[in-house]
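These notes concern the structure reproduced below.
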Amino acid sequence: MTIQQIVDPSNIEPELIRIWEALAKENKIRASLFNLIVFTRFSPRTDYFRNIVQKVVEKFPCRTLFISHDPDSPQPYLKTAISVVSPSEEASIACDQIDIGVAGPDLQRVPFVILPHLIPDLPIYLLWAEDPSIPHPLFPPLAKLATRIIFDSESADSLLAFAQTLLELKEKTGIDVADLNWARTEGWRDLISSTFYAGQRLALLKQISHLNIVYNARETEFFCHLKIQAMYLLAWASSRLDWKFEKATPSLQFKFKSVAARIQSDTWEKLGPGTVISVNLQTTDGHQFDAGRIPDAYHHVKIQFSSMEQCDLPYRFVLGQTATGQSLVNEICKKGTSVHYLDMLKELKTLDRDRLC
Amino acid sequence: MPTQIPSNPLEEPGRSSRNIDPCIVVIFGATGDLTGRRLAPALYNLGREGQLPPNFALVGFARREKSQQEFRDELKEDISSFSRVKPIEEGFWENFQEQIFYHRSEFDDDAGYEALAHFLNSLDGRFATRGNRVFYLSVQPKFFPLIIEKLHKFGLIYDAHNTKDKWSRVIIEKPFGRDSASAETLQTDISKHLDESQIYRIDHYLGKETVQNLLVFRFANSIFESLWNYRHVDHVQITVAEDIGIGTRGHFFEEEGLCRDIVQNHMMQLLSLVAMEPPVSLSAGAIRDEKVKVLQSIRPLSQADLEHTVIRGQYGNGFINGQEVPAYRNEKDVSPSSYIETYVALRFFIDNWRWAGIPFYLRGGKRLPKRVTEIAIVFKDAPGVLFQNKGKRNEQNVLAIRIQPDEGIAMKMNCKVPGPSSPIQPVKMDFRYGSYFGKSPPEAYERLIWDCIIGDSTLFARADEVAQSWDIFTPILKYWSSHTPKDFPNYDSGSWGPKAADEMIAKDGRAWRMP
């Protein structure tokens with residue numbers, strides 16, 4: 001990565017050209033698959049998102065426009081800086097990053113700063129790292145530019161409001177949306193759907209009577225809404241299997257028409273915050289399905305099936321890569337909006353009507 | 001088609017990346033070169049990138065005595081040396097190796113297959129692989145019928161039509177015969193126990209990203225397809241050049257020659273993909289139907305063609321990258337009076353509506369100046385007399401699709417040089433995969449093994465495709481076997497091939513490109 005260089009907004013492109021001319025001697029090739037606009041408030045999470053952007057660049061070179069807004073600054077400002085980022089020192093390809101720091105009334109200038117720097121004919125992904133249910137003056141103009149908006153429900157103060165906002169946005173604009181927390185549960189969704197694959201196993205889905213989900217309650221400065229992934233998994237199962245919600249308690253016990261579900265916490269020091277640790281399912285006829293991460297191999301889940309008559313040998317399921325930023329990389333590879341996700345959000349509006357998360 | 005269970009309400013088709021059937025991959029010839037250099041790194045990278053089914057195991061089947069741990073350690077060493085991503089990820093490997101096993105047996109030993117069946121059943125219990133099997137025959141073709149017969153005998157190959165809850169597939173490596181007759185014999189032997197839907201004939205060229213992109217490039221872009229016919233195309237050149245000689249493959253090459261090694265299979269696959277009509281769908285059957293139609297449309301070669309438009313060559317001494325290299329006849333395990341070809345150039349016509357009268361020139365060879373595989377579509381001259389340069393015609397537009405190395409697509413067009421005198425100069429618009437998509441693309445074997453696991457045979461050769469191709473090349477091989485070349489060796493190592501190849505294309509008023 002070249003050293004970040006503060007430039008006047010009007011000098012962004014000429015300065016980038018100058019840097020690239022210098023890099024030509026090092027045989028660096030300028031590449032870009034899409035435009036990635038990241039918006040975040042200035043906070044400890046800003047660094048988390050910078051890290052995520054680096055992970056994305058390692059996989060897909062793109063032009064990044066990273067906007068950090070400082071609503072608490074007493075002085076208004078608009079600062080722009082440029083740099084060239086590369087997956088690694090040795091990599092022959094690299095791409096541009098434009099950083100925009102803003103505070104006060106200068107916020108309204110931001111859309112006009114970024115417009116000339118979007119590479120034409122390439123998709124525009126907007127990673128909106130803030131709570132979409134809280135109106136922000138920059139959201140409408142940036143959303144209008146975007147081909148796809150990626151949210152992170154970790155930023156939401158209320159999961160119910162988050163779900164409502166996203167569903168309304170989808171209905172009004174039709175824009176494709178994605179959610180990093182939804183992507184983070186992909187491994188578990190794959191595990192469950194591939195375990196109940198056909199025939200007898202598929203039939204068991206209709207007989208589920210109990211569901212128990214355990215999540216990791218380890219809080220960090222970047223993650224504090226730790227129940228969300230477990231709630232997503234529950235709402236997904238309930239929406240797919242049409243369980244018909246009746247009531248919930250503050251201790252996260254859920255009563256459906258014929259299913260009782262519970263979300264519990266545990267603390268695993270080395271596992272990502274909020275990550276699902278285990279899932280347990282029981283059926284009305286005594287079948288039991290236990291899936292839990294293996295403590296010394298977090299990506300591996302031990303699965304065991306048993307019934308009143310027999311107990312199967314346990315086997316392992318390897319969850320996909322769960323490194324920081326991998327969820328965003330996975331989301332970028334996909335097109336459209338997940339129907340399961342939208343159905344899950346609708347279900348969540350009912351499950352979380354008492355604002356449990 | 002990928003296996004999908006639409007009745008599972010938890011599955012979201014097209015979004016979940018890992019809803020593929022669990023399975024065990026069994027590699028026959030697991031201690032061989034191909035396993036170490038290609039298959040093990042491919043499976044490792046698929047696993048590392050989360051592409052393998054979550055319930056998965058790998059079993060190596062070979063004749064050498066070896067413990068599980070020795071086999072795992074050897075694979076680790078191979079992966080460390082040959083994987084496209086280095087170094088090996090220790091954390092991932094520690095877990096992955098627990099899914100790798102070794103089974104020792106002779107290929108003809110019934111007891112070995114019986115034990116294999118028991119062992120695979122026990123792994124099904126341990127990894128929930130549900131009885132699904134991929135058998136990769138990384139062995140000499142003479143063992144194909146024997147191994148397949150034994151697999152069938154011990155219930156390891158299922159009846160494709162009457163087994164619904166599990167599947168078995170067999171991957172075989174080329175050569176698929178030596179001529180029409182031997183290919184037919186092989187097909188008869190293996191089809192006794194396998195349905196065509198269970199046979200995956202691997203041609204690793206088809207697993208290359210750029211080759212796959214040919215279909216996307218042609219049928220997902222409207223601007224090219226409208227020009228892709230006899231009205232606009234002057235001719236097509238397909239080049240598969242290698243700068244290396246035959247290395248340690250003397251015995252093999254003396255038996256096979258370049259025509260069987262790359263022209264009959266790899267180059268004809270490229271030709272089919274370039275010339276085929278749009279398929280009715282992207283299903284394996286639809287795509288392969290169109291490829292076969294191209295082969296069926298190739299004009300049979302006449303006696304005059306065999307004499308004048310099919311050129312063979314053999315390399316003599318010369319220089320590659322400034323280093324002196326020996327003639328083919330001086331290579332290890334090669335007869336000093338060998339007449340085996342190391343170079344082939346030929347011209348085909350495809351007698352269908354789209355390609356009427358348009359020649360397709362193919363050339364492939366060893367010890368050429370550089371390693372390059374390229375398909376060049378050369379367009380007709382612009383009509384009229386505008387912008388002619390002192391009576392000389394301008395350069396023809398060329399669309400060059402580079403398969404390897406430096407995968408990409410380049411377009412040559414004419415452009416005005418800045419300034420008042422307006423001379424016209426050809427310029428190149430160049431798209432490079434490496435520059436655009438960054439990280440190294442998956443190896444061909446990664447894609448092909450993955451396709452087999454999901455049951456997609458699009459990128460594998462079908463029996464009628466193989467047979468059709470042999471029908472084209474058997475007369476050439478027959479003619480060559482009865483006509484000893486008089487001028488071998490007829491090209492210097494490090495040159496672009498024999499003079500006869502240049503003369504062949506020059507008679508048509510054209511010249512080989514410098515790829």
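Per chain, numbering begins at 1; letters A, B, ... match sequence-line order. In this text, all values refer to a predicted model and were calculated from it rather than measured experimentally.
A centroid separation of less than 6.0 Å is found between the aromatic rings of A:Phe196 and A:Phe305.
Proximity to chain B is absent for every atom of A:Ser239, based on heavy atoms less than 4.5 angstrom apart. In this structure, the portion of A:Leu241 lying under 4.5 Å from any heavy atom of chain B is its side chain and not its backbone. For A:His340, the parts sitting under 4.5 Å from any heavy atom of chain B are the backbone and the side chain alike. Only the side chain of B:Glu98 comes within contact range of chain A, with heavy atoms under 4.5 Å apart. For chain B, the nearby part of A:Leu205 is the side chain; its heavy atoms alone come within less than 4.5 Å.
Checked options B:Ile449, B:Leu46, B:Leu58; the residue passing with B:Leu52 is B:Leu46 (criterion: side chain to side chain contact (heavy atoms under 4.5 Å, CB included)).
Remark: A:Trp243 pairs with no residue by the side-chain hydrogen bond (donor to acceptor under 3.5 Å, both in side chains) rule, at least two apart or across chains. Under the salt bridge (Lys or Arg N to Asp or Glu O under 4.0 Å) criterion, B:Glu446 pairs with B:Arg84, not counting sequence neighbours.
Remark: B:Arg169 qualifies as a cation-pi partner of B:Trp167 under the 6.0 Å distance and 45° angle criteria applied to the six-membered ring.
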